[in-house]
Enquirer: 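Got a structure here, written out as structure tokens. Questions coming.
Since the structure is predicted, the reported quantities are computational estimates derived from the model, not experimental observations.
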Amino acid sequence: MDIHQPAGHLDQIIRQTRAHHVNLSSLADKKANMMLTIASLMIPLSIRFLYEQQSHSAAVTLIGFCVLTIVLAAYAAMPKLKIGTKKHSAIDSDSTAFNLLFFGYFARMTYSEYEHAMENMMNDPNKVYETQIREIYSMGHYLAQKKYKFVLFSYLTFISGILFSSTIYIIGSYT
């Protein structure tokens, strides 16, 4: 990046965007938690219908979709850290995929490596902006591809379960 005039308004845009991403992440976690709670409550409420012939299939369907909803919502809220044996030599701190400001990346570095990378970045205003922009991009990409995608899947699964089990119950009532 080549920022010609670092200024307060640029800092404010970056600060506001980062705060917005943090709020979106919190909102996704709350939505995932809500889906976990609702689906978890539906399972014990549906169990009693397993023993009624007319509603058995509908209850099994609803319970199955609730379990799938729980799995998807839990996955959406689950931290996604790259755990492995990667050493710093495998980490390219100049790569656009590397985020020096995210603990999931710098935790794999030794303190002296981290300190050196921070020093290099902080002594160049363009690198400071580039690092912050990279973090905003990484956060947004993560939100879209990991959190909200699976929150959406959990909502769709839950709604589908309600619709399918209701349809099965209604069709079973007329036969």
Side-chain angles (χ1 to χ4, degrees), residues 12-88 90-91 95-109 114 131-175:
Q12 179 60 27
I13 288 171
I14 290 170
R15 190 178 308 116
Q16 186 62 39
T17 304
R18 289 167 81 190
H20 182 67
H21 280 17
V22 169
N23 288 337
L24 285 173
S25 181
S26 177
L27 183 61
D29 288 341
K30 288 176 184 174
K31 289 180 179 206
N33 186 32
M34 180 181 71
M35 292 310 298
L36 276 165
T37 302
I38 292 170
S40 296
L41 289 172
M42 292 296 289
I43 292 172
L45 293 174
S46 302
I47 288 177
R48 73 178 205 119
F49 295 103
L50 288 173
Y51 304 107
E52 297 176 13
Q53 184 179 0
Q54 178 184 355
S55 56
H56 177 79
S57 297
V60 168
T61 302
L62 183 59
I63 290 170
F65 274 92
C66 284
V67 169
L68 186 55
T69 298
I70 291 168
V71 169
L72 291 168
Y75 186 76
M78 187 184 311
K80 301 193 192 38
L81 297 177
K82 294 181 181 190
I83 300 172
T85 58
K86 288 185 181 179
K87 300 291 182 204
H88 177 64
I91 297 172
S95 165
T96 56
F98 180 76
N99 183 352
L100 185 60
L101 302 179
F102 179 62
F103 73 94
Y105 289 94
F106 69 73
R108 295 182 277 162
M109 302 169 83
Y114 177 70
T131 301
Q132 291 180 76
I133 296 301
R134 189 179 297 169
E135 182 189 33
I136 289 170
Y137 176 79
S138 297
M139 289 171 67
H141 190 266
Y142 172 80
L143 285 171
Q145 296 301 314
K146 302 294 183 190
K147 282 197 180 243
Y148 275 95
K149 180 178 174 179
F150 286 95
V151 169
L152 172 67
F153 290 161
S154 71
Y155 270 91
L156 292 174
T157 301
F158 185 74
I159 291 167
S160 297
I162 296 291
L163 292 174
F164 283 135
S165 64
S166 298
T167 302
I168 290 169
Y169 182 78
I170 290 168
I171 290 172
S173 296
Y174 289 112
T175 56

Enquirer: Taking atom OG of Ser40 and atom CE of Met35, what is their separation to the nearest 0.5 Å?
Expert: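 Interatomic distance, Ser40 OG to Met35 CE, rounded to 0.5 Å: 10.0 Å.
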
Enquirer: So, using side-chain contact (heavy atoms from CB on, under 4.5 Å) as the criterion, who are the partners of Ile14 when residues are at least two apart?
Expert: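 Per chain and number, Ile14 pairs via side-chain contact (heavy atoms from CB on, under 4.5 Å) with Arg18, Tyr129, Gln132, Ile133, Ile136.
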
Enquirer: Just verifying a value: how many Å separate Leu24 CG and Leu143 CG, rounded to the nearest 0.5 Å?
Expert: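 So the CG of Leu24 and the CG of Leu143 are separated by 6.0 Å.
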
Enquirer: Got a second to check how far Glu135's CD is from Asn99's CG, nearest 0.5 Å?
Expert: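 Between atom CD of Glu135 and atom CG of Asn99 there are 5.0 Å.
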
Enquirer: Using the test side-chain contact (heavy atoms from CB on, under 4.5 Å), find all partners of Thr167 that sit at least two apart in sequence or belong to another chain.
Expert: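 Thr167: side-chain contact (heavy atoms from CB on, under 4.5 Å) contacts with Ile171.
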
Enquirer: Taking the six-membered ring for Trp, are Tyr114 and Phe106 parallel (under 30°), tilted (30 to 60°) or perpendicular (over 60°)?
Expert: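 Ring orientation, 0 to 90° scale: tilted.
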
Enquirer: Do you know the tightest heavy-atom contact between Ala39 and Thr69?
Expert: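 Taking every non-hydrogen atom into account, CB-CG2, 3.9 Å.
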
Enquirer: With ring-ring contact (aromatic ring centres under 6.0 Å, His included) as the rule and sequence neighbours excluded, what pairs involving residues 145-175 come up?
Expert: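 Listed by first then second residue: Phe65-Phe164, Tyr75-Phe150, Phe150-Phe153.
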
Enquirer: Determine, stepwise, if the pair Ile168 / Val60 fulfils side-chain contact (heavy atoms from CB on, under 4.5 Å).
Expert: CA-CA 10 Å; Ile168 290 169; Val60 168; over 6 Å; no

Enquirer: Which value, rounded to the nearest 0.5 Å, describes the distance between Ile159 atom CD1 and Leu156 atom CG?
Expert: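 Going from the CD1 atom of Ile159 to the CG atom of Leu156 covers 6.0 Å.
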
Enquirer: Mind checking side-chain hydrogen bond (donor to acceptor under 3.5 Å, both in side chains) for Ser173 and listing every partner two or more places apart, or none if nothing turns up?
Expert: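 Testing Ser173 for side-chain hydrogen bond (donor to acceptor under 3.5 Å, both in side chains), a comparison that skips the adjacent residues, returns Gln54.
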
Enquirer: Looking only at heavy atoms, which two atoms of Ser154 and Ala73 are closest? And how far apart?
Expert: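 Here Ser154 and Ala73 meet closest at CB-N, 3.8 Å.
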
Enquirer: Would you mind listing every salt bridge (charged side-chain N to carboxylate O under 4.0 Å, His left out) that reaches into residues 154-170, with sequence neighbours excluded?
Expert: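 Applying salt bridge (charged side-chain N to carboxylate O under 4.0 Å, His left out) to every pair that reaches into residues 154-170, excluding sequence neighbours, yields nothing.
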
Enquirer: Which is it for Asn23 and Leu27 under the side-chain contact (heavy atoms from CB on, under 4.5 Å) test, yes or no, and what are the steps along the way?
Expert: CA-CA 6 Å; Asn23 288 337; Leu27 183 61; over 6 Å; no

Enquirer: Please identify each residue that fulfils side-chain hydrogen bond (donor to acceptor under 3.5 Å, both in side chains) with Asn33, with sequence neighbours left out.
Expert: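 Checked Asn33 against side-chain hydrogen bond (donor to acceptor under 3.5 Å, both in side chains); zero matches.
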
Enquirer: Rounded to the nearest 0.5 Å, what's the gap from CG on Leu68 to OG1 on Thr157? Could you check?
Expert: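 So the gap between those two atoms works out to 4.5 Å.
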
Enquirer: Tell me, please, which residues at least two apart from Lys146 pass side-chain hydrogen bond (donor to acceptor under 3.5 Å, both in side chains).
Expert: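 So Lys146 forms no side-chain hydrogen bond (donor to acceptor under 3.5 Å, both in side chains) with any residue.
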
Enquirer: Which residue pairs pass the ring-ring contact (aromatic ring centres under 6.0 Å, His included) test when at least one of the two sits in residues 19-61, sequence neighbours left out?
Expert: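 Found none.
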
Enquirer: Is atom CD of Gln53 surrounded by more than 12 heavy atoms (other residues, nucleotides or ligands) closer than 6.0 Å?
Expert: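 Count not over threshold, so no.
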
Enquirer: Work out which heavy atom in Thr61 is nearest to a heavy atom in Ser165; give both atom names and the distance.
Expert: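 Closest approach of Thr61 to Ser165: CG2-N, 4.1 Å.
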
Enquirer: Which heavy atom of Ala76 sits nearest to which heavy atom of Asp29, and what is that distance?
Expert: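 Shortest heavy-atom contact: O-OD1, 4.4 Å.
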
Enquirer: Can you give each donor-acceptor pair under 3.5 Å made by side-chain atoms of residues 41-48, sequence neighbours left out, with the distance rounded to 0.1 Å?
Expert:
unit_1 : atom_1 : unit_2 : atom_2 : d
Ser46  : OG     : Met42  : O      : 2.7

Enquirer: Would you confirm whether Ser25, through its side chain, and Val22, through its main-chain N or O, come within 3.5 Å as a donor-acceptor pair?
Expert: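 No, the answer is negative, given that no donor and acceptor are paired below the 3.5 Å cut-off.
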
Enquirer: Can you measure from CD1 (Ile162) to CG (Leu62) and round to the nearest 0.5 angstrom?
Expert: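 Ile162 atom CD1 to Leu62 atom CG measures 5.0 Å (nearest 0.5 Å).
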
Enquirer: Quick one: list whatever passes side-chain hydrogen bond (donor to acceptor under 3.5 Å, both in side chains) with Gln12, sequence neighbours left out.
Expert: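 Checked Gln12 against side-chain hydrogen bond (donor to acceptor under 3.5 Å, both in side chains); matches are Arg15.
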
